[in-house]
Chemist: 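Here you go, one structure.
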Amino acid sequence: MKENIEILTKKFGRNREALIPILQAIVEKNSYLSEEAMNEVAKQLDISAAQVYGTASFYSFLDTVPRGKNIIRVCKSIIAEMKGKKEIIKTLENVLKIKVGETTPDNMFTLLETNDIGWSDQEPSMLINDQPYTNLTSEKVIRIINEYRK
Amino acid sequence: MSSQNLKKTDMIFGLCHTTDVEHLLPGGVCKTNEEKFVVLEEVIKKDPQDIIDDIIESGLKGRGGAGFPTGLKWKFASLSPEKEKYVICNADEGEPGTFKDRDILLKVPAKVFAGMTMCGYCINAKKGYLYLRGEYKFMLPELRKVLDSFHEVIKKIGYDFHIDILLGSGAYVCGEETALMESMEGHRGEARNKPPYPTVEGFRNKPTVINNVETFVNVTMIQKFGVAEFKKLGTQDSRGSKVFSVSGDTPKPGVYELELGMKLSDFVDEYGDGDTKAVQVGGASGFCVPRKKFNETIIGFEGIPTGGSMMLFNSSRSMYNVLTNYLEFFAEESCGQCTPCRVGCQQLIRGIRAVKCGQKSPDYLDALLKLTASMKLTAKCGLGQSVANSFSSIVSNFTEEMIY
Amino acid sequence: MKEMINLKIDDINVSVEAGTTILEAAKKANVRIPTLCYHPDLCIAGNCRICMVEVEGSLTLTAACAMPVSENMVIHTNSLKVRTARKHNIELLLSEHNSECTKCYKNGNCELQDLAAEYKITNETFIDLVPFHNYTIDHYSPAIIKDDSKCIRCQRCVRTCEELQSVSALGVAYKGEHMKISTFMEKSMFDVVCTNCGQCVNRCPVGALVEKNYIDQVWDAIYDPSKHVVLQTAPAVRIALGEDLGYDPGEIVTGKMVAAIKKLGIDSVLDTDFTADLTIMEEGTELLTRLKKALVDKDSSVALPMMTSCSPGWIKFIEHQFPQLLPNLSTCKSPQQMFGALAKTYYAQKRNIDPADIVSVSVMPCTAKKFEADRPEMRSSGYKDVDYVLTTRELAVMIKQAGIDFESLKEEKYDSIMGQSTGAAVIFGATGGVMEAALRTAYELVTGREVPFDGLNITPVRGMEGVKEASVKIEGTLPEWKFLEGAILNTAIAHGLVNAKKVMELVDSGKANYHFIEIMACPGGCLGGGGQPIPTNMEIRMKRNKAIYQEDAGMPIRKSHENPEIALIYKEFLEKPLGHTSHKLLHTTYIDRTK
Ligand SMILES: Cc1cc2nc3c(=O)[nH]c(=O)nc-3n(C[C@H](O)[C@H](O)[C@H](O)COP(=O)(O)O)c2cc1C
Ligand code: SF4
Ligand code: SF4
Ligand code: SF4
Ligand code: SF4
Ligand code: FES
C-alpha cells in the first residue's frame with residue numbers, strides 16, 4: 001500500500017490540493033478507499049486521517065465502504081423516475097440478484113442510485129464506472145450487464 | 001408548428017461542430033462550413049481593457065444561473081494588482097435537468113478553451129482550470145486531446161496560458177463557486193463566507209474569475225461576431241441566446257439554442273406534448289410555472305432567469321412526487337454546514353409527507369412556507385437559498401396535490 | 001492607523017476600524033447579537049446562522065460574525081424579519097437535537113439552552129428529527145464523552161482541534177442531512193489520535209462533547225468510612241475556580257477553595273504545587289545530568305534538547321506525531337502522578353494508613369489528566385496512583401451540590417504533609433512557568449546565586465506568544481559545574497499543540513539549537529486547560545495569567561528547592577533527585593503510538 005500511494009504522491013504532490021486526485025486514483029483502481037489506504041494517504045500528505053475520511057465521505061464517488069469491481073449508478077432524478085427508472089432498478093436487481101446498495105457475492109457489481117448524472121434528455125440512464133448508458137430498457141440493461149460479465 | 005416568437009439561434013454550436021482547434025489560428029477555417037472563425041491571435045493583440053468594455057457593452061450575463069454581468073466580473077478581477085490570478089470554468093453541471101454544458105463540451109470545447117484564454121488575457125492570469133463533474137469523466141480522453149492541440153495553438157501564437165482539467169467526485173454543491181474552490185483545494189465542498197468574493201480572494205485566495213462553460217463560449221462568439229451582432233439577440237435585460245436543456249414530457253427532449261426573452265407559452269407550444277401542466281424552469285433550484293401562468297412568464301433575467309433547464313410535466317404527473325424528489329435531492333446534496341439548509345431541507349420533506357398522509361393538518365404547509373422564507377434569507381449559499389423557489393412555487397400553485 | 005468606518009447599528013452611530021465585523025462593531029455599541037458557531041479563539045465559520053442581522057439594501061439577511069462593516073451601513077439587529085429568522089434557525093437546531101435538558105450534563109451551562117430560553121421556544125413547531133438519525137454516544141474514553149445526539153454541527157470542536165491543536169482528531173464527515181462530526185472511520189475518541197486535551201470540550205456550546213465526570217465516585221469515596229480520601233489541587237485551579245462560583249476571571253480563591261474542599265468531607269486537602277516543586281528538582285537534575293553527559297562525557301546517545309513532560313495532552317501528542325523524539329522527553333511524571341505515587345507510599349507511611357484504603361483524588365484544569373491517571377504505567381505505588389481526576393468544573397459542581405456558600409467561607413490552609421507550595425510551583429499553571437521555575441532552581445544550583453533577573457521574574461518566558469525563546473548565560477559556576485562556565489542555555493516555550501508542532505518540526509529537522517523546551521498542550525498553559533471554566537478565551541486567559549504571577553509574587557518562598565517539605569522528603573524518603581526511589585516512583589516511560 002505504501003508504495004502504491006507513494007507513486008500517487010509523486011505524481012500529484014504532497015500538498016492538500018493533491019488529496020482528491022489521489023483519492024480518485026485509488027478509487028479508480030480499487031473501487032473504494034480502505035482504512036489502510038486512507039491512513040497511508042494521511043501519513044504521506046501530513047494531514048490527519050479524520051480529515052481524509054471527512055473529505056472522502058463528502059463526495060459520493062469516493063466510497064469508504066467496499067465496492068464491487070463495477071459500480072452501477074442508476075440516475076434517480078425526477079425525469080428518470082418519470083421515464084421508468086423503477087423498471088430498470090427492478091431488472092438490475094433481478095439480473096444481479098442483489099438489492100440497491102449491495103454488492104454481488106463475486107464482487108463483480110455494486111448497485112447504487114445516484115443523483116442526476118446529466119442525461120435527462122435520454123432517461124432512464126445509468127453509469128457503470130465512468131461510462132454512461134442512456135435510453136435504457138430492460139432488454140438493453142440485460143445486454144449491457146452480460147457484456148460486463150464477459 | 002414553430003412559434004413565431006421563438007427564435008432558434010446558432011451562436012453557441014454554430015459554425016463549427018468540431019473539436020478541431022485549427023480555426024483559432026490566423027486564417028484558420030472551420031471545416032464544417034468553411035467560414036473563417038475567431039482568430040485568437042487577433043484578440044490577444046487588443047487592449048485587455050477594450051475587450052472587457054466590449055463584454056460589458058454586450059450585456060452578457062453569466063449562464064450558470066445567477067446571471068452576474070460577465071464583463072463586470074472580469075473587470076473586478078483585472079483591477080487587482082495581484083500577480084497570481086486564476087480563471088476557472090465551471091463545468092460541474094449538477095442541476096437536475098441540466099445537460100447543455102455536456103453538449104457544449106462534447107461539440108465545441110475549443111470555443112470554451114478560447115474564452116478561458118481570453119479571460120486570462122484580460123485579467124492577466126496565466127492559469128486556467130476546467131472543473132468537470134465526475135459524472136462526465138467519460139469525455140475526459142477526448143477533451144484532453146483537444147486541449148493538447150489547443151495548447152499547441154497558444155504556443156504557436158506566442159501566448160502563455162495553460163489550462164488543466166480537474167474532476168469532481170459527485171457533489172452538486174461543488175457547482176457553487178466557492179465550494180468548487182474549496183474542492184479544488186482538496187477540501188470538503190463547503191461554501192465560503194462572501195465577502196471576500198472570488199474576484200478578490202478566490203482559488204488559493206487569489207483573484208479568480210469563475211464562469212460557466214456557456215458563458216465562455218459566448219465571450220468567444222462576441223469576439224467573433226462583434227458586440228452589435230450579439231446584442232441583436234435577446235432583450236434589453238437578457239442579451240444573446242441561451243442553450244436550453246429540454247426534458248420531461250416532451251416529444252423532443254434535447255439541447256436547443258434559443259433567443260432569450262421568449263414567452264414560456266411559445267416555448268411550450270414548441271416543445272410541449274399538448275398536455276403540459278407545468279414547467280420547471282431552472283432545475284430543482286428554479287421555479288415551477290403552472291399552465292395558467294405560461295402566457296405571462298418571460299424566460300430571461302427580467303422574468304425567470306435560468307441556467308437552461310426546462311422540465312416539462314403533463315397532467316399525468318403528480319407535483320407532490322416532483323417536489324419530494326427535489327427535496328430529497330437537496331437534503332442529500334446540501335453541504336450540510338449551515339442550519340437553515342441542512343435542517344430546513346429535512347423538515348420540508350418530512351413536513352410535506354406528514355401533510356400528505358394526514359399526520360399534520362394542511363395549515364402546516366403555511367408554517368413550511370414561512371420556513372422557506374427564512375431559509376432564503378439566512379442560508380449561507382445559493383443552494384439553501386433557492387430551495388424556497390421550487391417549494392413555494394409548487395406548494396402554492398398545486399396546493400391540492402400536496403394535501404390529497 | 002487604520003481607516004475608520006462609520007455605520008449605524010439600531011440607530012446608534014458607530015465608528016470602527018476597517019475590517020471589523022458587524023458583530024464586533026455591535027459589541028462596541030453595546031448591542032448584543034446572539035451567536036453559536038462564533039468563538040473568539042477560532043476562525044469564522046458562519047454556519048449556525050443565528051447571528052443574522054438586516055443590512056439595509058441587502059436582499060437577504062447577513063451573518064454578523066462573518067460580514068465586515070462598510071461605510072454608511074445601516075443595520076437592524078432586532079427587526080421582525082431578523083427575529084423570525086433567528087427563531088426559525090433555533091427551532092431547526094432543536095428539531096435535530098436530543099433536547100433532554102433535565103438529564104443533560106450541560107444543563108445550566110449550555111448556549112443552545114440559553115437561546116431557547118431567550119426566544120421562549122415553548123411549542124414544537126417542527127417535526128422531531130432525532131428518531132430519523134442514528135445518533136451514537138461514544139463513552140469509551142476515560143476523559144471525554146461524545147454524544148452526537150446533542151451536536152449542533154457548529155464545528156467549533158473541529159476548528160479547535162485543527163487550528164489550536166493541529167491534531168484534527170475530529171473532522172466533519174458526510175454531507176447534507178448526514179453531515180456529522182466524526183473521528184477517523186467513526187472510531188471511538190479513545191482509539192484515535194485525540195490527545196484528550198479537552199480544548200474541544202471547553203468550546204462545545206452544548207452537551208455534545210463533555211468531560212467524563214467522576215463526581216459520584218468521589219462522593220461515594222467521601223462517604224465510605226473505610227476510605228481515607230486525599231485530594232490534590234493543581235496550580236491553575238485556584239485562579240479559575242472562582243469563575244464557576246460567581247467571581248470574575250482573574251480572582252484568586254485559594255483559601256476559600258481549600259475551605260470548601262474540607263467542607264466536602266475530604267480527609268486531607270493537599271497541593272499539587274508540592275510535586276510541582278519536586279518535578280523541578282527531578283527535572284532540573286535530569287537536565288543538568290544530560291548536559292553533563294553530552295558536554296563532559298561526550299556521550300552522543302544523550303537526547304537533547306530535553307523536553308518537559310508535565311502535560312499529558314502533549315505526551316499523547318508526541319507519542320502519536322513525533323515518536324522519534326520520545327527520548328528527548330524528560331522521564332519525569334507529571335506533578336499529578338508524582339503526587340499520586342507518593343500519596344500511596346510516603347504519605348501512607350507517614351500517616352500510617354494502609355495504601356489500599358487511600359482514595360487519591362486530584363482536581364485538575366485538564367481532561368487529559370483523566371487519561372493519564374488511567375495509563376498502565378501509573379501504578380508504581382502498587383495501586384492506581386490517582387484514582388479519580390476531577391476538572392475545575394467538576395469541583396465547582398460538587399461545591400454547589402454541597403450547598404456551600406463559597407463567598408462567605410473563611411480562607412483555610414492546605415493540610416500537611418505535601419501541602420506546602422512555592423511561587424515556582426504556582427507558575428506551573430502558566431505557559432513559561434515550568435521553564436521559569438526550572439531556571440530559578442537550576443541557575444542557583446549551578447552558580448550558587450539567584451537567576452540574574454529583576455525580582456526573580458524571568459519575563460522573556462512569560463506572555464501569550466505562541467512560541468517564546470530565551471537564552472541564559474551561565475557565569476561564575478560552582479566548581480562541580482565548571483563545565484557549564486560561560487555556556488549559553490537556549491530554551492524554547494510553546495503552548496497550544498499547534499505551536500508545539502512548529503517547535504517539534506524544527507527540532508526534528510535539526511534546525512533548532514535548544515537545550516530545554518517547555519511544552520504545554522493548552523493555549524496559555526494549564527490556566528487555559530480543557531477542564532477550566534467555560535468560557536475560556538484570550539481575554540480570560542490573560543486575566544488568569546495575571547493572577548498566577550500575582551500569586552507567585554506574593555509567596556514567601558519562590559524557589560522550588562527552598563520548599564521545606566521538599567528538603568524533608570528527600571531526607572526522609574527519596575534520598576536524592578534521580579535516586580533509586582525517585583526512579584521507581586517519579587519517573588516513567590512512553591509509548592510509540594504509531595505502531
Ligand atoms: C448549488 C449551486 C450549484 C451551482 N452549480 C453550477 C454549475 O453546475 N455550473 C455553473 O456554471 N454554475 C453553477 N452555480 C453558479 C456558480 O456559483 C456561479 O455563479 C457561476 O459559476 C458563475 O458563472 P457565470 O457567471 O458564468 O454564470 C451553482 C450555484 C449554486 C448555488
Ligand atoms: S446553504 Fe446549504 S449548501 Fe449552502 S452552505 Fe448552507 S448547508 Fe451548505
Ligand atoms: S445540550 Fe443543552 S439544550 Fe441540549 S439537552 Fe443539554 S442542556 Fe439541553
Ligand atoms: S480533546 Fe483535544 S485532541 Fe482530542 S479531539 Fe478535542 S481538541 Fe482534539
Ligand atoms: S461537538 Fe459541540 S463543538 Fe463540535 S460541532 Fe457539535 S456542538 Fe459544535
Ligand atoms: S455566529 Fe454567525 S453564523 Fe454562527
Side-chain angles (χ1 to χ4, degrees), chain A residues 12-28 33 41 45 47 51-63 71 73 75-83 85-86 112-123 125-135, chain B residues 93-103 133-140 166-174 183-190 203-204 245-250 252-255 280 283-284 309 311-314 316-317 321-326 328-329 332-333 335-336:
Chain A
F12 296 108
R14 282 174 183 255
N15 60 18
R16 181 73 191 239
E17 276 173 27
L19 176 59
I20 293 174
I22 289 172
L23 297 181
Q24 285 170 337
I26 299 171
V27 169
E28 180 166 308
L33 301 163
V41 171
L45 297 192
I47 54 180
Q51 286 171 322
V52 175
Y53 179 69
T55 307
S57 61
F58 183 88
Y59 296 96
S60 316
F61 288 6
L62 300 178
D63 282 307
I71 304 179
R73 292 187 165 91
C75 175
K76 60 171 176 181
S77 74
I78 182 66
I79 306 295
E81 216 171 82
M82 285 156 54
K83 303 286 172 182
K85 177 209 89 175
K86 239 192 219 135
L112 303 171
E113 289 187 340
T114 194
N115 284 320
D116 199 310
I117 60 171
W119 294 92
S120 287
D121 52 343
Q122 299 169 40
E123 296 293 359
S125 68
M126 67 180 178
L127 287 172
I128 300 187
N129 306 324
D130 305 333
Q131 193 56 43
Y133 296 90
T134 64
N135 289 324
Chain B
E93 185 158 70
E95 187 66 52
T98 310
F99 41 84
K100 48 106 187 165
D101 291 342
R102 175 198 79 199
D103 270 22
R133 70 185 305 216
E135 289 83 346
Y136 290 169
K137 191 174 170 193
F138 73 93
M139 56 169 91
L140 207 50
L166 294 178
L167 267 183
S169 266
Y172 162 65
V173 65
C174 286
S183 172
M184 281 175 63
E185 290 175 14
H187 294 276
R188 299 164 51 82
E190 292 184 0
F203 180 49
R204 295 178 181 155
S245 314
V246 181
S247 67
D249 295 315
T250 165
K252 38 184 177 183
V255 173
Q280 179 79 16
S309 162
M311 292 187 253
L312 294 97
F313 302 106
N314 67 22
S316 74
R317 305 298 174 187
N321 284 351
V322 172
L323 182 56
T324 39
N325 185 280
Y326 292 165
E328 277 166 9
F329 170 77
E332 272 175 37
E333 293 294 336
C335 82

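In the text below, chain A, chain B and the rest are named by the order of the sequence lines, each starting its count at 1.
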Chemist: Would you mind telling me which of A:Q51, A:R73, A:K83 has the largest number of heavy-atom pairs within less than 4.5 Å of chain B?
Modeler: A:K83
Chemist: Below 4.5 Å from any heavy atom of chain A, which atoms of B:L323 appear? Answer side chain, backbone, both or neither.
Modeler: neither
Chemist: In terms of heavy-atom proximity below 4.5 Å to chain A, should B:C335 be classed as side chain, backbone, both, or neither?
Modeler: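 When you check distances to chain A, atoms from both the backbone and side chain of B:C335 fall under 4.5 Å.
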Chemist: Quick check on the interface: out of A:T55, A:L19, A:V27, A:I47, who has the most heavy-atom pairs with chain B under 4.5 Å?
Modeler: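 The option with the most such pairs is A:T55.
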Chemist: Pick one of side chain, backbone, both or neither for B:D101, based on which atoms fall under 4.5 Å of a heavy atom in chain A.
Modeler: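 For B:D101, neither part sits under 4.5 Å from chain A.
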Chemist: Where the side chain of A:D116 meets the backbone of B:G97, is there a donor-acceptor pair that is under 3.5 Å apart?
Modeler: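 Between the backbone of B:G97 and the side chain of A:D116 there is a qualifying donor-acceptor contact (under 3.5 Å).
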Chemist: Would you mind checking which part of B:E332 comes under 4.5 Å of any heavy atom in chain A, side chain (CB onward), backbone (N, CA, C, O), both or neither?
Modeler: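 For B:E332, side-chain heavy atoms alone lie under 4.5 Å from chain A.
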Chemist: Let me confirm one number: the CZ-CD1 distance from B:F313 to A:I79, rounded to the nearest 0.5 Å.
Modeler: 4.5 Å
Chemist: Side chain, backbone, both or neither: which part of B:Y172 has a non-hydrogen atom closer than 4.5 Å to chain A?
Modeler: neither
Chemist: Select one option (side chain, backbone, both, neither) describing which atoms of B:S309 are under 4.5 Å from chain A's heavy atoms.
Modeler: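 The answer is neither part of B:S309.
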Chemist: Would A:E81 and B:N321 satisfy side-chain hydrogen bond (donor to acceptor under 3.5 Å, both in side chains), going step by step from the backbone distance to the final call?
Modeler: CA-CA 10 Å; A:E81 216 171 82; B:N321 284 351; 5.2 Å; no
Chemist: Got a salt bridge between A:E17 and B:R204, using NZ or NE/NH1/NH2 to carboxylate O under 4.0 Å?
Modeler: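 Answer for the salt bridge query: yes.
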Chemist: Below 4.5 Å, heavy-atom pairs only: which of A:N129, A:L23, A:I20, A:L45 has the largest tally toward chain B?
Modeler: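 Looking at each of A:N129, A:L23, A:I20, A:L45 in turn, A:I20 comes out on top.
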Chemist: Can you tell which part of B:V246 gets under 4.5 Å to a heavy atom of chain A, answering side chain, backbone, both or neither?
Modeler: backbone
